[in-house]
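All residue numbers refer to positions in the sequence shown, counting from 1.
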Amino acid sequence: MSNASARPRAALFVVLTLMLAVLSVPSWGAKAASAASCDTGTNLALNKTATASSLEGAGYPASAAVDGNTGTRWSSQFSDPQWLEVDLGSTQSICEVVLNWETASGKAYQIQTSTDGTTWTPIYSTASGPGGTETLNVTGSGRYIRMYGTARNTGYGYSLWEFSVYGSNGGGGGTPPPPTGGSLGSNVVVFSPSMTQSSIQATLNSISDQQVPSEFGTGRYELLFEPGTYGSAATPLIFTVGYYEAVAGLGRNPGDVTINGTVDSYNQCSGGTCNATTNFWRSLTNLTINVMGMSGCQNGDDFWAVSQAAPMRRVHVNGNLSLMDYCVGGPGYSSGGFIADSQFTGGTVTNGSQQQYITRDSALDGWSNGVWNQVFCGDPGAPAQSFASNSGLSGGPPPYTTLATCPVTREAPYLYQDSGGNYNVFVPSLATNSSGPTWTGGQTPGTSLSLNTFFVVQPSATVDQINAALAAGDNLLFAPGVYNIPSTIDVTRPDTQIVGLGFATLVPTGGNTTLSVADVSGVTVSGLIFDAGATTSPSLLQVGTAGSTTNHSSDPVSLDDVFFRVGGATAGSATTPLVDDSNDSLLDDVWIWRADHGAGAGTWSGDQSPTGLVVNGARVTSYGLAVEHFQQNEVDWNGQSGTVVFFQNENPYEVPNQAAWMASASQKGYPALFVPNSVTSFQGYGLGSYSYFDQGADIHNAMAFQVPQTSGVQLHDLLTVFLNGSGGIDSVVNGTGKAVSSAFGGPSDVVSYP
């Protein structure tokens, strides 16, 4: 989101090289690489792109032979030759192929591999294939593999329930799994209470000076504080957090690291206008702030004036917290934020100009005012439910949506030091009907994983190395940096942890899906930015398998603080940045953004991407979902029994004319959230969509939300707003709700639907 223009990029400052070298994280003992062997537990073909020479019919696609479902199949036409081909995503060392034939099997066929999909090398050949399930021991390598049939056992075609491929060490072209543990690199900076405060302050200021103006820069930093106390009443520690700075305590609980002072994010100023609407990509985690030390206008407050992709988690603020910056220029707008698993004492939270905000599972000691959409979920001390048909209008009540508990949650993993100074990643447990912080009544429930169970990924790592580590059962910890990803990273094992430090950013370079998670339980992806690349990718993150009926409710996949960009830092294109096919998955603080400023942005033909999010999984739950500026339906929610707690959207800005933006011959525009008529159960709470058509054309969106008119689909506390520009949104949901335009800016509120 940004209803402000892009900020000019300031010159970068050089960080103190010597100081960073001194403070860099040391190496840990590394696990030795295991010897190569045939890994028959990891199907390299599972859910990969499959093509075929022909189809018996539309109900027998090539993809059915690699979907892991023995109830679906590929079937060819009744002639020879025929083939089924699978793109494994990268070069693999192949040791076994399993053909699970239907009755219509191959008699004479070859298994062939290729590096380019054009020139093929046989690695297995037979003229007397028996059919049934054939397990073939082979030796070969290639990115592409196919079954090439020249004679059949029946008069029908070739028909495979499943085509499975296995590789040495999980593939990777014979790449052994790399060592685990190790250095996190120079952009992870660790502070200790034994250091002088002047050196800590100097390093923090140097990094901040570089990062505050660097909205689309490449610098990435994880700033870690070892257990102890920093600053005092006499000499408080006060510092500002800029772009791509993740600030975190290394204690087991927030009380283990105390900062006496403030940790702030202030307005950005350009052309005489100062606001926080583009204060993205920064975070604050797992520490306590005793607010003190400021003077003048800023006296008595910690300022966290941010918008999307700037989470605050596991933080105890003792004193006042302001979510807007009312001291540095004006008008001081801020536009969206996320707080979870936190506690506020000895003061109040001032929402100020925050147009929308979600606070989840946090203990509040006060909350003042709201603008359009304020959602509280499982927050002791939260304001009472008060959203009404005139919320946000003069004389109306605050736009508060308050849920006593959150239906199902799992907090994000975090890095910490144990009593011996060893580094671990803590993975919190699943919770149902949650309320309040996980740590105020004792230790957060969950599991601690040694850093030696993680491959610490550096930007120089190859995808083959990453996939070999995953196939060996290792987790991934991405060090801060920007990563070029030429082929898909495949997560195939349950309970794999994928953790990013310092807003590590992954960019596909070959039109590939960046990261794919198989239909397994318990995988967590957290703390990453997915950027679109120059060649169109079908998705940036694929979760689960289309059509799966697997129930993951006891151990769901979780996406925490995961952010997607099509444009902005780099011009790019993606069909759908996030596709979620995993039943019971959790989306916790996800922003999917087709850029309204930055590289490739500003024209209808730039940064092409029709839809930001497609949800096909059943029982998916989302908290803090923002999807903005996509060119057709911004969210397609096809899964049954979904729940969305807080949704924020802006329509695309640069629509050139109405004819270019029609959902059908009679429906103007596209909904921000589309739920098809096939869905019979869905719940939405605190949903907002805004318009700013900036091309001067009279552009209209018929409805912000389009859902089935059935009792099982219920929307609560939803609204539209006309921000600026021309045209507007003609109704809130399905023709219900007052239009917003230059004549009535809104908000147009609908308390419940139907």
Peer 1: Taking atom types as modelled, find out whether D749 and S389 have a side-chain donor-acceptor pair closer than 3.5 angstrom.
Peer 2: no

Peer 1: Ignoring hydrogens and angles, state whether a donor on the side chain of E654 or Q695 is under 3.5 Å from an acceptor on the partner side chain.
Peer 2: no

Peer 1: Can you name the nearest heavy-atom pair linking S609 to A574, along with the distance?
Peer 2: OG-O, 2.6 Å

Peer 1: Checking ring pair (Phe, Tyr, Trp, His ring centres under 6.0 Å) between W637 and each of F647, F682, F705, which is the one that passes?
Peer 2: F682

Peer 1: Can you list everything that forms a ring pair (Phe, Tyr, Trp, His ring centres under 6.0 Å) with Y266? Sequence neighbours excluded, please.
Peer 2: F303

Peer 1: As a test of understanding, state which of N47, N616, D581, D519 forms a side chain to side chain donor-acceptor pair (under 3.5 Å) with S548.
Peer 2: D519

Peer 1: Can you confirm whether the side chains of S516 and T488 place a donor and an acceptor under 3.5 Å from each other?
Peer 2: no

Peer 1: Quick one: do the D717 and Q385 side chains pair a donor with an acceptor below 3.5 Å?
Peer 2: yes

Peer 1: Think R282 forms a cation-pi with W304, using NZ or CZ under 6.0 Å from the six-ring centre and within 45 degrees of its axis?
Peer 2: no

Peer 1: By side-chain contact (heavy atoms from CB on, under 4.5 Å), which residues pair with P676, not counting sequence neighbours?
Peer 2: N638, F674, S678, V679

Peer 1: Quick one: which of W591, Y243, F563 gives a ring pair (Phe, Tyr, Trp, His ring centres under 6.0 Å) with F280?
Peer 2: W591

Peer 1: Do the side-chain N and O atoms of Y653 and E628 include a donor-acceptor pair separated by under 3.5 angstrom?
Peer 2: no

Peer 1: Test: ring pair (Phe, Tyr, Trp, His ring centres under 6.0 Å). Region: residues 717-754. Which pairs qualify, not counting sequence neighbours?
Peer 2: none

Peer 1: Less than 3.5 Å apart, any donor N or O on the side chain of H629 or E634 sitting next to an acceptor on the other?
Peer 2: no

Peer 1: Would you say T277 and S335 are linked by a side-chain donor-acceptor pair, where the criterion is simply a distance under 3.5 Å?
Peer 2: no

Peer 1: According to salt bridge (Lys or Arg N to Asp or Glu O under 4.0 Å), who are the partners of D584, at least two apart in sequence or on a separate chain?
Peer 2: R619

Peer 1: Side chains of S689 and N649: donor-acceptor distance under 3.5 Å anywhere?
Peer 2: yes

Peer 1: What residues form a salt bridge (Lys or Arg N to Asp or Glu O under 4.0 Å) with E411, not counting sequence neighbours?
Peer 2: R313, R360

Peer 1: Ignoring hydrogens and geometry beyond distance, is a side-chain donor-acceptor pair present between Q268 and E215 at under 3.5 Å?
Peer 2: no

Peer 1: When you look at Q608 and T536, which way does the side-chain hydrogen bond (donor to acceptor under 3.5 Å, both in side chains) test go after all the steps?
Peer 2: CA-CA 8 Å; Q608 293 287 289; T536 302; over 6 Å; no

Peer 1: Consider ring pair (Phe, Tyr, Trp, His ring centres under 6.0 Å). Of Y400, F387, Y623, which one does F376 pass it with?
Peer 2: Y400

Peer 1: Minimum heavy-atom separation for S307 and T278, please, with both atom names.
Peer 2: OG-N, 4.4 Å

Peer 1: List for me each residue that meets ring pair (Phe, Tyr, Trp, His ring centres under 6.0 Å) alongside F693, sequence neighbours excluded, and say none if there are none.
Peer 2: W661

Peer 1: Does a donor on one side chain and an acceptor on the other come within less than 3.5 Å for T513 and S539?
Peer 2: yes

Peer 1: Going by atom types only, do T611 and N633 share a side-chain donor-acceptor pair under 3.5 Å?
Peer 2: no

Peer 1: Taking atom types as modelled, is there a side-chain donor on Q640 or T680 under 3.5 Å from an acceptor on the other?
Peer 2: yes

